[in-house]
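To keep things clear, I will list the structure first and then write my remarks on it.
Remember, it's 1-based here, ligands and their atoms both numbered in the order they're listed.
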Amino acid sequence: MTSPPIKLLFVCLGNICRSPTAEGVMCHIVAEADLSDQFELDSAGTGSWHLGDAPDRRSTAAAAARGIVLEGQARGVDGADFEHYDLILAMDRYNFRDLQAIAPTDETESKVKMLREFDPMSTPDDYDVPDPYYGGPDGFNHVIDLVEAACRGLLEDLLAGKAP
Ligand code: 4NP
């Protein structure tokens with residue numbers, strides 16, 4: 001396969017819980033499908049409180065229980081990301097709004113989507129991946145359930161040529 005990789009950036013607020021989880025889940029799913037070399041995956045945050053931090057231990061533990069590895073250090077999303085990535089996938093409506101506001105051009109703004117748009121079981125009034133940061137362990141498991149369903153739908157759409 002010589003076509004360029006599909007470049008996906010997952011974005012939440014802190015880049016320590018939801019977006020590193022989505023990146024790790026997507027990495028796991030494409031590896032299972034033997035498609036790792038066709039994807040470039042990363043995650044970033046719209047907020048700056050946790051820059052340089054590793055993924056939250058509670059996210060890492062919830063993912064590890066399912067055989068999913070979370071890696072990386074938190075970073076902020078920037079203008080160059082809008083040029084580089086094919087799709088910029090927001091975890092909730094606030095991330096979506098913030099991403100639309102910082103997109104440098106209309107064309108790059110059109111790369112911003114809600115991740116859960118790609119979950120065939122979701123509805124437009126229910127696209128948020130809820131922020132688990134101030135809650136208990138159930139919230140972190142729920143994040144994995146939601147992002148896994150959406151990432152599987154996203155991969156199907158990408159392979160079918162329905163996205164980006
Ligand atoms: P994330 O979760 O956006 O899923 O990484 C959060 C992490 C940290 C904070 C908020 C949300 N915070 O306020 O520090």
Side-chain angles (χ1 to χ4, degrees), residues 6-31 39-82 84-104 108-109 111-155 163-164:
I6 298 167
K7 303 187 207 72
L8 306 176
L9 183 68
F10 300 91
V11 177
C12 62
L13 179 61
N15 192 210
I16 56 169
C17 299
R18 292 166 293 173
S19 60
T21 299
E23 178 189 350
V25 166
M26 193 67 180
C27 184
H28 187 80
I29 289 171
V30 300
F39 284 86
E40 182 183 320
L41 307 174
D42 198 5
S43 63
T46 58
S48 54
W49 305 281
H50 294 279
L51 296 179
D53 288 359
D56 188 288
R57 286 202 181 95
R58 298 165 295 173
S59 295
T60 304
R66 304 189 196 201
I68 296 164
V69 178
L70 304 192
E71 293 176 317
Q73 283 92 40
R75 72 171 182 90
V77 64
D78 66 25
D81 289 321
F82 288 86
H84 183 74
Y85 287 92
D86 299 310
L87 279 179
I88 301 182
L89 297 149
M91 296 299 122
D92 68 26
R93 70 191 83 172
Y94 308 108
N95 315 142
F96 182 77
R97 179 199 61 196
D98 291 344
L99 287 164
Q100 284 188 314
I102 60 173
T108 54
E109 186 179 332
K111 296 179 175 185
V112 181
K113 309 279 183 202
M114 295 284 287
L115 175 64
R116 293 200 68 221
E117 278 181 43
F118 296 94
D119 177 350
M121 302 300 287
S122 68
T123 54
D125 61 343
D126 182 33
Y127 278 162
D128 289 341
V129 179
D131 183 350
Y133 189 69
Y134 292 107
D138 287 354
F140 291 84
N141 282 314
H142 187 49
V143 166
I144 301 180
D145 292 338
L146 294 179
V147 302
E148 181 175 354
C151 285
R152 290 195 186 282
L154 173 59
L155 179 60

Worksheet entry | Under 3.5 Å side-chain donor-acceptor pair for Ser122 and Asp126 | no
Fill in: Which residues share a side-chain hydrogen bond (donor to acceptor under 3.5 Å, both in side chains) with Ser59, sequence neighbours left out
none
Sequence neighbours excluded and cut-off under 3.5 Å, please list the side-chain donor-acceptor pairs for residues 66-74, or say none.
{"from": "Arg66", "atom 1": "NH1", "to": "Asp145", "atom 2": "OD1", "distance (Å)": "2.8"}
{"from": "Arg66", "atom 1": "NH2", "to": "Asn141", "atom 2": "O", "distance (Å)": "3.3"}
{"from": "Arg66", "atom 1": "NH2", "to": "Asp145", "atom 2": "OD1", "distance (Å)": "3.1"}

Check ligand 1 against the protein and report each N/O to N/O distance under 3.5 Å, formatted as atom name, atom name, distance.
{"from": "ligand 1", "atom 1": "2 (O)", "to": "Asp131", "atom 2": "OD1", "distance (Å)": "3.3"}
{"from": "ligand 1", "atom 1": "3 (O)", "to": "Leu13", "atom 2": "N", "distance (Å)": "3.0"}
{"from": "ligand 1", "atom 1": "3 (O)", "to": "Gly14", "atom 2": "N", "distance (Å)": "2.8"}
{"from": "ligand 1", "atom 1": "3 (O)", "to": "Arg18", "atom 2": "NH2", "distance (Å)": "2.9"}
{"from": "ligand 1", "atom 1": "4 (O)", "to": "Arg18", "atom 2": "N", "distance (Å)": "2.8"}
{"from": "ligand 1", "atom 1": "4 (O)", "to": "Arg18", "atom 2": "NE", "distance (Å)": "2.8"}
{"from": "ligand 1", "atom 1": "5 (O)", "to": "Gly14", "atom 2": "N", "distance (Å)": "3.4"}
{"from": "ligand 1", "atom 1": "5 (O)", "to": "Asn15", "atom 2": "N", "distance (Å)": "3.3"}
{"from": "ligand 1", "atom 1": "5 (O)", "to": "Ile16", "atom 2": "N", "distance (Å)": "3.0"}
{"from": "ligand 1", "atom 1": "5 (O)", "to": "Cys17", "atom 2": "N", "distance (Å)": "2.9"}
{"from": "ligand 1", "atom 1": "13 (O)", "to": "Tyr134", "atom 2": "OH", "distance (Å)": "3.4"}
{"from": "ligand 1", "atom 1": "14 (O)", "to": "His50", "atom 2": "NE2", "distance (Å)": "2.8"}

Item to complete: Indicate yes or no for a side-chain donor-acceptor contact from Lys113 to the backbone of Leu87 under 3.5 Å, with no hydrogens or angles considered.
Response: no
Worksheet item: side-chain hydrogen bond (donor to acceptor under 3.5 Å, both in side chains) with Asp138: which residues, sequence neighbours excluded?
Response: none
Item to complete: Answer yes or no: does atom NE2 of His142 have more than 12 heavy-atom neighbours from other residues, nucleotides or ligands under 6.0 Å?
Response: no
